[in-house]
Amino acid sequence: LQDWNRVLSEHVRNGNLHEAKRVFDSMPHHSVVSWNCMISVYARNGHSLQARSVFQQMPWKNLISWNLLLGAFSRSGDLEASIALFDSMPLWDLVSWTAIIKAFAAAGYFCIAKRLLDQMPEHDLISWTTVAAQFASDGQVDAAKAMFDSMPQLDLIALTVMLDAYAQSGHHHLQRAQELFDRMPERNLLAWTALLHAHTQAGNIQGCESVFEDMPEADLVSLTAMLVAYAQQGRIREARDTFDAMPERNLIAWTALLSAYAQNGHLELAEDIFNSMPQRNVVSMEALLSGYALGGRVEEAKVMFNSIPERTLVSWNSMLAAYAQHGHVKEVKALFYEMPARDQVTWDTLLSALTQNGHLELASVVLGSMPERC
RNA sequence: UGCCUGGAGAAUUCAACA
């Protein structure tokens with residue numbers, strides 16, 4: 001049985017749903033581990049509902065089963081379901097706590113996440129790193145730094161998170177990022193790519209090139225990062241060459257290329273990419289939308305916006321920015337009220353639309369009614 | 001005692017930085 005499970009979990013690791021199913025169905029017996037593997041493989045493929053139905057069907061559950069389902073909900077961004085499940089769990093361990101805290105932080109509830117972190121019966125490096133990583137991706141460098149300063153020991157992952165935090169804050173912290181990287185006892189491709197990203201954010205293209213050359217290896221992620229670095233400098237030729245040099249391409253790489261054209265005034269090329277790329281998603285649609293906005297083609301931006309099947313907050317913000325950039329204050333206001341959710345970017349966009357167009361008194365009212373940041 | 005669960009890198013929106 002353990003041998004069967006080993007084979008099964010190998011497919012789970014690879015995210016191979018069909019093989020995993022096949023193995024599961026041909027096993028003579030199932031243990032709780034086999035069932036857990038099935039929850040896991042559904043979760044990894046983004047099928048949280050299927051994961052739940054496996055969970056409900058299984059004859060025995062252990063804490064790992066609960067944690068797996070919690071992870072499935074959290075991964076799908078369903079905070080409500082995550083909370084409900086967490087509350088109904090018979091017991092919790094570090095993994096459960098870490099998962100629910102991450103769910104809160106990922107949804108932007110940093111105060112709650114931090115409070116839960118303090119309430120946890122015990123912490124470890126992973127739970128701290130989890131929260132710090134959320135701060136980092138939200139651009140809250142100081143908060144991330146403070147957390148790491150209070151940790152006794154950092155490992156490669158924690159250091160990479162800190163590197164990423166520096167990277168997010170652009171050129172203020174490039175020096176610190178570089179120093180941190182130089183002091184790291186070990187490095188992997190992820191750390192190298194985070195450093196490359198730090199140089200990109202700082203607009204230091206020579207730094208990007210030399211980091212890229214020094215990297216012991218390259219993969220799709222680091223190549224895409226380099227493409228973006230070129231694109232940001234308007235060096236489309238090199239961006240394109242980087243794309244062409246990729247041994248394989250995914251949706252992110254395609255979107256990066258699309259955006260390279262869109263942000264540098266090559267709208268027709270951007271459209272060509274958009275029409276010829278193997279898949280499209282919200283992000284690629286938003287990228288083209290912003291290209292239209294940049295080129296002053298607000299109507300086409302609007303058409304694109306309307307054609308997005310599942311709009312995200314970024315979709316709304318992008319459309320808002322499209323209006324804001326061209327002084328369509330009326331539309332900005334209307335859209336702002338219509339939006340299902342708002343974040344800091346939303347408010348900043350609104351404010352800049354108002355101030356750029358002389359509505360200073362209204363801007364100050366808006367300033368006063370902004371929600372406090374945690 | 002080593003069959004299953006939690007943390008890190010790339011694309012899209014505002015501003016800031018140059």
Side-chain angles (χ1 to χ4, degrees), chain A residues 1-9 12 31-37 39-40 43 62-71 74 93-99 101-102 124-134 136 155-164 167 169-172 188-197 200-204 219-228 231 250-260 262-263 281-291 293 312-322 324 343-352:
Chain A
L1 180 57
Q2 294 199 4
D3 292 332
W4 280 99
N5 283 336
R6 256 185 276 273
V7 174
L8 179 56
S9 58
V12 171
S31 69
V32 66
V33 173
S34 334
W35 286 97
N36 284 344
C37 286
I39 302 186
S40 181
N62 58 15
L63 180 54
I64 295 183
S65 326
W66 287 91
N67 286 339
L68 276 163
L69 188 60
L70 184 58
S74 155
D93 65 0
L94 256 174
V95 175
S96 340
W97 278 98
T98 306
I101 289 175
K102 183 187 182 182
D124 64 1
L125 181 55
I126 295 189
S127 53
W128 283 92
T129 309
T130 303
V131 178
Q134 300 299 325
D155 65 2
L156 173 60
I157 297 187
L159 289 168
T160 308
V161 169
M162 193 59 230
L163 195 53
D164 188 47
S169 61
H171 120 276
H172 302 288
N188 60 11
L189 190 48
L190 279 72
W192 278 97
T193 310
L195 179 66
L196 172 57
H197 193 224
T200 303
Q201 296 293 74
N204 177 8
D219 68 358
L220 182 55
V221 175
S222 60
L223 281 164
T224 308
M226 196 60 223
L227 189 167
V228 172
N250 62 11
L251 179 55
I252 296 186
W254 278 98
T255 309
L257 181 66
L258 159 58
S259 176
Q263 295 301 317
N281 66 0
V282 217
V283 177
S284 37
M285 299 179 88
E286 288 159 355
L288 189 54
L289 189 164
S290 304
T312 65
L313 183 50
V314 173
S315 319
W316 287 92
N317 284 341
S318 306
M319 194 60 230
L320 194 68
D343 66 0
Q344 193 62 45
V345 172
T346 316
W347 287 94
D348 290 348
T349 307
L350 175 64
L351 275 176
S352 83

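Values in this document were obtained by computation on a predicted structure and should not be read as measured data. Below, chains carry the letters A, B, ... as their sequence lines are ordered, and counting in each starts from 1.
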For A:Thr224, report the nucleic acid contact type (base, sugar-phosphate, nothing); a contact means any heavy atom under 4.0 Å.
base
Please identify which of these residues, A:Ser31, A:Ser9, A:Ser65, meets the side-chain hydrogen bond (donor to acceptor under 3.5 Å, both in side chains) condition with A:Asn36.
A:Ser65
State whether a side-chain donor-acceptor pair under 3.5 Å links A:Ser318 with A:Glu286.
no
Using a cut-off of 4.0 Å on non-hydrogen atoms, how would the nucleic acid contact of A:Ser259 be classed: base, sugar-phosphate, or nothing?
sugar-phosphate
Reckon A:Asn188 touches a base, only the sugar-phosphate, or nothing at all at heavy-atom distances under 4.0 Å?
base
What contact category does A:Thr130 fall into here, base, sugar-phosphate, or nothing, at under 4.0 angstrom with non-hydrogen atoms?
sugar-phosphate
Give one of base, sugar-phosphate or nothing for A:Leu163, where a contact means two heavy atoms less than 4.0 Å apart.
nothing
Base, sugar-phosphate, or nothing: which does A:Ser318 touch, judged by heavy atoms less than 4.0 Å apart?
sugar-phosphate
Name all residues meeting the side-chain contact (heavy atoms from CB on, under 4.5 Å) criterion together with A:Thr346; count only those two or more places apart in sequence or in a different chain, and write none if there are none.
A:Leu313, A:Asn317, A:Leu320, A:Phe336, A:Met339, A:Arg342, A:Asp343
Under 4.0 Å between any heavy atoms, over every strand shown, what does A:Gln134 touch: base, sugar-phosphate, or nothing? Just pick one.
nothing
For residues 250-260 of chain A, which side-chain N or O atoms pair as donor and acceptor with protein atoms under 3.5 Å away, sequence neighbours left out?
| residue | atom | partner | partner atom | Å |
| --- | --- | --- | --- | --- |
| A:Asn250 | OD1 | A:Ile252 | N | 3.1 |
| A:Asn250 | OD1 | A:Ala253 | N | 2.9 |
| A:Thr255 | OG1 | A:Leu251 | O | 2.7 |

For A:Asp343, which contact category applies under a 4.0 Å heavy-atom criterion: base, sugar-phosphate, or nothing?
nothing
Students should find that the nucleotides of RNA chain B closing off the region near chain A, any atom under 4.0 angstrom from a heavy atom, are B:rC3 to B:rA18
For A:Asp348, enumerate each residue passing the side chain to side chain donor-acceptor pair (under 3.5 Å) test, keeping only those at least two apart in sequence or located in another chain.
A:Gln344
Counting any heavy atom closer than 4.0 Å, what does A:Val314 reach on the DNA or RNA strands: base, sugar-phosphate only, or nothing?
base
Return yes if a side-chain donor-acceptor contact under 3.5 Å exists between A:Gln263 and A:Ser290, otherwise no.
no
What pairs with A:Ala167 under side-chain contact (heavy atoms from CB on, under 4.5 Å), at least two apart in sequence or on another chain?
A:Asp164, A:His197, A:Ala198
Reckon A:Ala158 touches a base, only the sugar-phosphate, or nothing at all at heavy-atom distances under 4.0 Å?
base
Side-chain heavy atoms of A:Gln201 within contact of A:His171, under 4.5 Å
no
Which residue lies toward the 5' end of RNA chain B, A:Leu190 or A:Leu350, if each is placed at its nearest nucleotide?
A:Leu190
Between A:Gly71 and A:Gln201, who's closer to the 5' end of RNA chain B by nearest nucleotide?
A:Gly71
Could you tell me whether A:Ser65 contacts a base, only the sugar-phosphate backbone, or nothing, with contacts defined as non-hydrogen atoms closer than 4.0 Å?
nothing
Does A:Asp124 reach a base, just sugar-phosphate, or nothing at all? Heavy atoms under 4.0 Å.
base
side-chain contact (heavy atoms from CB on, under 4.5 Å) test vs A:Asp93 passes for just one of A:Asn67, A:Ile64, A:Thr98, namely A:Asn67
Dot-bracket line, read 5' to 3' along RNA chain B, where crossing pairs take [ ] and | marks a partner on another strand, Watson-Crick or G-U under 3.5 Å:
..................
